[in-house]
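Scope of the values below: all heavy atoms of this structure, side chains included, with no hydrogens, waters or symmetry mates.
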Amino acid sequence: MNPTLSQDLLTFLKHSPTCFHAVAEMASALTAHGFTELSETEKWNLTPGSRHFLTRNGSSLIAFAIPSSGIHSFRILASHSDSPTFKIKENPEIAVENKYVKLNVEGYGGMLCAPWFDRPLSVAGRVIVKENGAFTAKLVNLDRDLLMIPNLAIHMNREANNGYQYNHQRDMLPLYGDITAKDTFLKQVAEAAHVLPEDILGHDLFLYNRQPGTIWGASGEFLSSSRLDDLQCAFASLQGFLQGEKQESLAVHCVFDNEEVGSSTRQGAASTFLYDTLTRIHESLGLTPEDYRIHLAKSLMISADNAHAVHPNYPDKADPVNRPVLNGGIVLKYNANQRYCTDGISAAMFKDLCRQADVPVQVFTNRSDIPGGSTLGNISNTQVALNTIDIGLPQLAMHSPYETAGVKDTEYLVRAAKEFFH
Ligand code: ZN
């Protein structure tokens, strides 16, 4: 096992409080490894043997390496950059009793609400300013304990431990300051972004949990942090992509935004981002539309999005037979109704790959009476249809702002991804 990998993952998570930051982190790692950035607004002049990446909306990223011998097929590994959180609304400040200022927020994705209470929170995202006649996005992270959503005391809600339905508009608004904080929030954002408040023309700002990630357990076998779903997969995929030799197939590492809200956005898995990129690569290399379709028919995609491990307090929630555990290896996800793409053929290909990489695999299926979630694979296939397998790393507390996974599983995915791109 690589002793520094878990620390590297925690550093990546710390530097990635939002999807915009995660994409920027991956872009700088790719640049450091000799990948050059392309723009969707400019003409591409690609050559065999070259390595590039591009982003869309600053929140989705596709990196690819063209084999020196030309393209014969694709190997695509996909994950997602976004996580459930709360977004700061326009005109966010609300004065209470003329004594407090709280912020108006709305939910992004399907989060567990309870763990957002009684812990320091902060704000990160991007602001849009106009510089030299062009709109420019600036990443911003207030990076200090700034906000708190205080619980209501048990004395004022005696039913609190008997099940509680959280109302996003009433229950989830974070306290920002006393009344002297009125009209200062966007000034603080502007200061952190090194711009003037009046120059901010737009913003996409989100809450994040300040509690740093940690490695814990009797032998340090567990790892907890915000955003493990799905940045653990995005991180491990990128490591495997960078380490793999990428000699035979067009190697593609892609990370989509907006998986948590259904993927049907300009930069989500249901968008044309992947299709546009693959067809533009073909056009730039002088290949034909038929070449693209032949290559696609010979290709394989891995959709990597975290999976549910058996919960120690709720073992009855898992399928009676297929019971993934933390540190048990990569999880193959199956669903008869095709919320997951895995079928006999793609499972066989992936199991063979993991055997070659000496990586253990386990299986997830929902209990037949509990409908599960969906993910990237089947959605992406509506634009780019190819043999696809859905996998993930086992975790607990999915969609909490503090999730738990196994330290060994990150390395298993790095090894499998490296083998995939070999
Ligand atoms: Zn996910």
Side-chain angles (χ1 to χ4, degrees), residues 9-10 13 16-19 21-22 59 78-88 105-119 121-122 124-125 149 151 163-168 171-172 174 206-214 222-236 255-265 268-269 303-314 317-318 324 326 331 333 335 339-340 364 366-367 370-377 379 390-406 409-410:
L9 170 61
L10 291 182
L13 289 161
S16 305
T18 71
C19 54
H21 293 80
S59 59
S79 53
H80 68 89
S81 60
D82 61 323
S83 304
T85 177
F86 291 89
K87 187 171 191 204
I88 307 280
V105 298
E106 60 184 322
Y108 174 87
M111 77 289 291
L112 286 169
C113 286
W116 282 91
F117 286 82
D118 303 331
R119 60 181 61 220
L121 307 172
S122 193
I149 309 173
N151 250 303
Y164 185 79
Q165 192 163 11
Y166 294 97
N167 177 309
H168 284 192
D171 297 319
M172 305 310 298
F206 298 91
L207 303 188
Y208 71 91
N209 177 12
R210 288 284 294 165
Q211 185 171 353
T214 187
F222 304 131
L223 176 146
S224 294
S225 167
S226 303
R227 301 177 296 283
L228 289 175
D229 171 19
D230 188 32
L231 294 185
Q232 187 184 14
C233 281
F235 170 83
V255 184
F256 294 112
D257 188 9
N258 301 131
E259 192 277 339
E260 301 294 357
V261 293
S263 296
S264 298
T265 60
S303 155
D305 191 4
N306 270 5
H308 302 293
V310 171
H311 194 294
N313 295 348
Y314 311 95
K317 291 288 183 185
L326 302 183
V331 180
K333 298 155 90 170
N335 178 253
R339 312 256 323 240
Y340 303 132
F364 175 84
N366 291 302
R367 272 184 66 113
I370 300 180
S374 76
T375 180
L376 302 161
I379 293 172
D390 272 298
I391 63 152
L393 298 179
Q395 71 158 94
L396 300 172
M398 189 177 285
H399 292 191
S400 165
Y402 208 66
E403 301 172 322
T404 289
D409 296 315
T410 315

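Nearest heavy atoms, Leu228 versus Asn306: O-ND2, 3.3 Å. Listed here is the closest heavy atom pair of Gln232 and Gly406: NE2-O, 3.9 Å. In terms of heavy atoms, Met172 sits closest to Val105 at O-CG2, 3.6 Å. When all heavy atoms of Ala397 and Leu112 are compared, the pair lying nearest together is O-CD1, 4.4 Å. Here the shortest heavy-atom pairing between Ser83 and Asp230 reads OG-N, 4.4 Å. Closest approach of Cys233 to Ala304, counting heavy atoms only: CB-O, 3.7 Å.
The only member of Trp116, Phe86, Tyr108 that meets ring pair (Phe, Tyr, Trp, His ring centres under 6.0 Å) when paired with His168 is Phe86.
Donor-acceptor pairing under 3.5 Å is recorded for the side chains of His80 and Asp229. One side chain, Thr404 or Ser224, offers a donor N or O that lies under 3.5 Å from an acceptor on the other.
Here the straight-line distance linking atom CD1 of Ile379 with atom OG of Ser303 works out to 9.0 Å at 0.5 Å rounding. The OG atom of Ser79 sits 12.0 Å away from atom CZ of Phe235, with the distance rounded to the nearest 0.5 Å. Once rounded to the nearest 0.5 Å, the distance linking CG of Leu223 with OG1 of Thr410 reads 6.5 Å. Atom CD in Glu260 sits 9.5 Å away from atom CE in Met111 (nearest 0.5 Å). Rounding to the nearest 0.5 Å gives a distance of 3.5 Å between OG1 of Thr265 and CG of Asn258. Atom OG of residue Ser226 and atom CG of residue Leu231 lie 10.0 Å apart, to the nearest 0.5 angstrom.
Counting only distance, with no hydrogens or angles, the side chain of Asp118 and the backbone of Asn151 share a donor-acceptor pair below 3.5 Å. Under the 3.5 Å distance criterion, the side-chain polar atoms of Lys333 are matched with a main-chain donor or acceptor of Asp305. Between the side chain of Asp82 and the backbone N or O of Asp257, no donor-acceptor pair lies under 3.5 Å. With hydrogens and angles disregarded, no donor-acceptor distance shorter than 3.5 Å links the side chain of Arg119 to the backbone of Gln211. A distance-only check finds no donor-acceptor pair linking the side chain of Thr18 to the backbone of Ala124 [under 3.5 Å].
Using a 4.5 Å cut-off on side-chain heavy atoms (C-beta onward), Ser225 and Leu10 make contact.
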Report the C-alpha separation of Phe364 and Asp390 in whole Å, then their side-chain angles, then the decisive distance to 0.1 Å, and conclude whether the side chain to side chain contact (heavy atoms under 4.5 Å, CB included) test is met. CA-CA 10 Å; Phe364 175 84; Asp390 272 298; over 6 Å; no
Could you go through the side chain to side chain contact (heavy atoms under 4.5 Å, CB included) check for Asp171 and Tyr164 one step at a time? CA-CA 11 Å; Asp171 297 319; Tyr164 185 79; 3.0 Å; yes
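Relative ring orientation between Tyr166 and Phe117 is described as tilted, the plane-to-plane angle lying within the 30° to 60° band.
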